[in-house]
2 protein chains.
Amino acid sequence: MAKAPTVYDVAERAHVSIATVSRVLRSPDAVRETTRDRVMEAVRYLGYVPSGNARALAARRTNVIGLFFPGHDDLDISAALSQSAGAEVPIVVDDGSLVQETENLYFDEVLRGAEIEAWRRGFALMVAAGRGASREALVNDIAGRVDGLAVLARTVSDELLAHVARRIPVVVLAGSERDDGFDHVSASNGPGMRALAGHVLGAHGVRDVVYIAGPEDSPDDAERLDGFRAALHEAGIVESDVPVYRGDFTRERGRAIGERILAYHTPRAVVCSNDQTALGVLDVLEARGIRVPDDVLVTGFDGITAGRHSRPTLTTVHQPMVELGRAAVHAITARLDDPTLAAQSLTLPVQVVLRASCP
Amino acid sequence: MAKAPTVYDVAERAHVSIATVSRVLRSPDAVRETTRDRVMEAVRYLGYVPSGNARALAARRTNVIGLFFPGHDDLDISAALSQSAGAEVPIVVDDGSLVQETENLYFDEVLRGAEIEAWRRGFALMVAAGRGASREALVNDIAGRVDGLAVLARTVSDELLAHVARRIPVVVLAGSERDDGFDHVSASNGPGMRALAGHVLGAHGVRDVVYIAGPEDSPDDAERLDGFRAALHEAGIVESDVPVYRGDFTRERGRAIGERILAYHTPRAVVCSNDQTALGVLDVLEARGIRVPDDVLVTGFDGITAGRHSRPTLTTVHQPMVELGRAAVHAITARLDDPTLAAQSLTLPVQVVLRASCP
DNA sequence: GTGAAAGCGCTAACAC
DNA sequence: GTGTTAGCGCTTTCAC
């Protein structure tokens with residue numbers, strides 16, 4: 001790592017100018033073969049790796065796209081790095097307590113989609129998961145390093161987003177469409193929930209139903225609730241007859257609310273605003289020996305993997321998470337190619353997936 | 001996005017020099033408050049976001065760490081972006097065929113760990129999942145943009161790695177220790193498998209056992225096999241009495257090999273080199289109505305989430321994937337702080353997790 | 001086909 | 001406390 005070699009070093013060794021070195025790397029065909037070979041030899045000999053920063057600066061384009069998510073909130077951050085190893089391997093019995101609720105599937109899958117699409121278009125991907133107060137600083141920092149930025153809705157103040165958007169294209173992931181001038185990519189939350197609830201109320205003819213919503217500030221959640229209400233309306237059920245509980249998208253909260261619901265009355269169906277919540281409800285139902293789907297129908301939303309493995313398996317609405325990531329990157333590159341484009345708002349289709357909890 | 005403002009623009013508007021603008025951003029306390037306010041006002045007014053590239057170039061440090069993994073191989077890359085949305089939400093029944101085997105848990109978790117640690121140390125993370133031929137070009141490219149690079153073992157040629165390592169610290173993830181001068185972070189594969197196999201052969205007194213290995217070129221796999229052999233030795237079992245099948249870490253292959261094994265004879269235990277393979281074996285066993293663990297014991301390795309949800313749940317050796325990611329970043333930053341450090345080789349502890357498939 | 005030279009936007013001495 | 005001035009390592013006209 002003794003002072004990385006530069007174009008100058010390579011040029012000197014190959015007896016050419018730095019311009020020629022640059023050409024060999026950017027457009028090899030514009031250089032005579034013998035010259036090219038000499039340059040490449042020097043590159044190898046010196047262990048030359050071009051500076052991406054210098055390049056980006058000169059070319060006024062980084063070829064990097066940024067992705068910002070809210071962090072895996074501080075929970076495990078404090079834990080010190082475990083050390084040692086040795087031969088003594090502990091043997092433990094998994095009684096269920098080992099389960100770390102790291103079902104951050106949403107993040108993972110969107111990221112994967114973004115990575116795939118970025119790669120296809122010749123961009124690198126820079127990810128940041130910000131937490132706490134430094135979040136805004138992080139976003140600002142990353143914004144200075146990329147050609148475009150995808151941000152999960154509601155994780156950053158509109159003010160900062162607007163600030164950043166003056167420099168690079170910004171696309172907002174998930175959430176509802178807003179006429180804020182940003183590009184927007186989301187899934188069909190409302191229609192999805194409406195179709196699912198329609199199935200519950202229609203195919204099963206349920207009328208005694210309860211709804212568990214997500215956190216107040218989630219636009220996704222708001223759309224789902226709207227979809228649910230639309231389904232109620234279609235089924236001729238009076239909205240005020242249906243209790244709506246306010247959850248927070250976690251399994252734990254799902255359990256708590258499940259308990260509360262059952263303490264009072266056992267409904268024929270529990271429709272949840274996301275899968276985690278639904279899984280929590282299933283936990284409670286199972287603990288009480290209440291049969292699903294025989295006694296109670298349960299549904300979720302998202303399509304996380306855990307729902308395929310739960311007992312019983314979970315009926316849900318599947319969001320195309322990988323596609324969301326891809327679409328976000330696509331939106332950014334499209335705008336990069338043509339900055340005059342009007343703000344796009346893409347809504348990706350979802351799919352109701354029927355499983356055992358509500359066949 | 002009309003030409004992003006620069007320090008010069010801010011300086012002009014705030015009636016100060018560009019140095020002062022830089023100071024306000026880097027070390028605010030070194031500037032008089034009134035000046036600072038004027039500068040910040042200009043920053044906001046102009047929508048100024050500092051160029052990370054220019055900054056990195058001048059400061060000779062990017063504050064970015066790179067992470068390279070082999071790609072989600074081309075499988076889904078071709079798929080066009082789905083369009084439209086509308087109200088017609090399809091309703092499908094999940095009969096199991098919907099399962100996309102995207103259990104890329106290893107990648108996801110390591111990434112999460114890296115992300116957490118990078119953030120703590122003030123670095124951003126750049127990820128690249130390379131595929132196909134352009135892999136090496138990608139690695140080279142990313143190497144030019146970061147202060148340090150973590151690479152999964154066996155995904156890049158040693159030659160390129162050496163080339164890149166002349167510019168920045170490189171840490172190799174997983175795989176065996178090699179005296180190649182790179183920093184190295186891995187899990188305790190050998191001892192882990194040895195402890196697990198010791199449990200199978202010891203606690204269960206099994207002698208009629210079969211082993212399913214992974215791909216030939218996986219160093220992790222080689223260590224596990226060594227650990228298995230050590231356990232055989234300890235149990236006084238002759239190595240040549242135990243069949244070893246060569247798998248490829250996929251569930252599908254696990255099924256195929258499972259079929260082959262059963263066609264001939266039903267062993268008391270099947271020890272697999274990873275979880276996916278073991279899940280494949282469980283599939284076959286279940287299909288044939290062979291009881292686990294009553295008739296056959298099955299074990300895996302890795303500790304992926306799917307193993308917690310399988311029927312029966314899977315006994316395995318849990319690798320600390322998140323910790324691996326953290327350790328990798330830690331190793332890089334340590335070397336950045338002190339480049340004279342000798343090459344480190346960290347081996348993280350693993351844990352045998354007993355579940356239903358081999359209690 | 002190749003070289004000379006002017007930036008790209010910022011940081012970091014070094015003066016004042 | 002603030003301004004001046006070199007670079008940082010590359011790309012990119014524009015000559016030759």
Side-chain angles (χ1 to χ4, degrees), chain A residues 1 3-40 42-43 46-64 140-141 143-147 166-168, chain B residues 1 3-40 42-43 46-64 140-141 143-147 166-168:
Chain A
M1 250 103 25
K3 172 123 180 38
T6 73
V7 259
Y8 293 96
D9 302 317
V10 176
E12 187 179 346
R13 179 152 225 278
H15 302 296
V16 295
S17 72
I18 61 164
T20 296
V21 175
S22 181
R23 284 195 195 98
V24 169
L25 268 26
R26 299 289 124 250
S27 32
D29 299 329
V31 179
R32 187 184 297 138
E33 189 176 342
T34 58
T35 321
R36 200 194 311 154
D37 291 345
R38 248 187 303 135
V39 171
M40 287 311 293
V43 166
L46 296 170
Y48 170 69
V49 177
S51 156
N53 292 301
R55 185 183 285 180
L57 187 56
R60 261 154 278 192
R61 173 182 249 261
T62 68
N63 270 300
V64 178
N140 201 58
D141 181 89
R145 307 166 172 279
V146 301
D147 290 336
R166 290 176 65 177
R167 174 181 239 262
I168 51 172
Chain B
M1 248 103 26
K3 171 120 181 36
T6 73
V7 259
Y8 293 96
D9 301 319
V10 176
E12 185 179 347
R13 178 152 226 278
H15 302 296
V16 296
S17 73
I18 61 166
T20 295
V21 174
S22 182
R23 282 195 197 96
V24 170
L25 266 29
R26 300 288 121 249
S27 31
D29 300 328
V31 179
R32 186 182 299 139
E33 189 175 342
T34 59
T35 321
R36 200 194 312 155
D37 290 346
R38 245 186 308 136
V39 171
M40 287 312 293
V43 165
L46 297 170
Y48 171 68
V49 177
S51 157
N53 293 301
R55 181 127 92 196
L57 188 56
R60 261 157 276 205
R61 176 185 247 262
T62 67
N63 271 301
V64 178
N140 202 58
D141 182 90
R145 308 166 173 279
V146 301
D147 289 336
R166 291 175 66 178
R167 172 180 241 262
I168 51 172

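Below, all heavy atoms of this structure are taken into account, side chains as well, without hydrogens, waters or symmetry copies.
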Heavy-atom closest pair, residues [X] and [Y]:
X	Y	value
B/Asn63	B/Asp147	N-OD2, 2.6 Å
B/Pro50	A/Asn140	CD-ND2, 4.1 Å
B/Asp9	B/Thr6	OD2-N, 2.8 Å
A/Arg36	A/Val24	CG-CG1, 3.7 Å
B/Pro5	B/Leu46	CG-O, 3.4 Å

Once you round it to whole Å, what is the distance between [atom2] of [N] and [atom1] of [X]?
X	N	atom1	atom2	answer
A/Leu25	D/dC10	CG	P	9 Å
B/Arg60	D/dG9	CZ	P	6 Å
B/Asp37	D/dG1	CG	C1'	15 Å
B/Asp141	D/dG9	CG	P	18 Å
B/Glu33	D/dT2	CD	P	12 Å

> Donor-acceptor pair, B/Ser27 side chain versus B/Ala30 backbone, under 3.5 Å?
Replying inline: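 No.
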
> Does the B/Arg38 side chain pair with the main chain of B/Ala14, one donor and one acceptor, at a distance under 3.5 Å?
Replying inline: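 The answer is yes, because a donor-acceptor pair under 3.5 Å joins these two groups.
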
> Considering only heavy atoms and no angle criterion, is a donor-acceptor pair shorter than 3.5 Å present between the side chain of A/Tyr8 and the base of D/dC8?
Replying inline: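 A donor-acceptor contact between them is absent.
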
Does [N] have OP1 or OP2 sitting under 4.0 Å from an N or O in the side chain of [X]?
X	N	answer
A/Tyr48	D/dC10	yes
A/Ser22	D/dT12	no
B/Arg23	D/dT2	no

> What is the 5' to 3' range of DNA chain C, first to last nucleotide, that sits under 4.0 Å from any heavy atom of chain B?
Replying inline: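 Both ends considered, the range comes out as C/dG9 to C/dA13.
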
Can you figure out which of [options] approaches the side chain of [X] most closely?
X	options	value
B/Arg32	D/dT2, D/dG7, D/dG3	D/dT2
B/Ala19	D/dC8, D/dT4, D/dT2	D/dT4
B/Thr20	D/dT2, D/dG9, D/dT4	D/dT2

> Roughly how far apart are A/Tyr48 OH and B/Arg167 CZ, rounded to 0.5 Å?
Replying inline: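 With rounding to 0.5 Å, OH (A/Tyr48) is 7.5 Å from CZ (B/Arg167).
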
>> What residues from residues 9-18 of chain A pass a heavy-atom cutoff of under 4.0 Å to DNA chain C?
In response: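 Those residues are A/Val16, A/Ser17.
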
> Among all residues two or more places apart in sequence or in another chain, which pass the salt bridge (Lys or Arg N to Asp or Glu O under 4.0 Å) test with A/Arg23?
Replying inline: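 For A/Arg23, no residue satisfies salt bridge (Lys or Arg N to Asp or Glu O under 4.0 Å) once neighbours in sequence are set aside.
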
> Closer to the 5' end of DNA chain D via nearest nucleotide, is it B/Ala30 or B/Leu57?
Replying inline: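 This one resolves to B/Ala30.
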
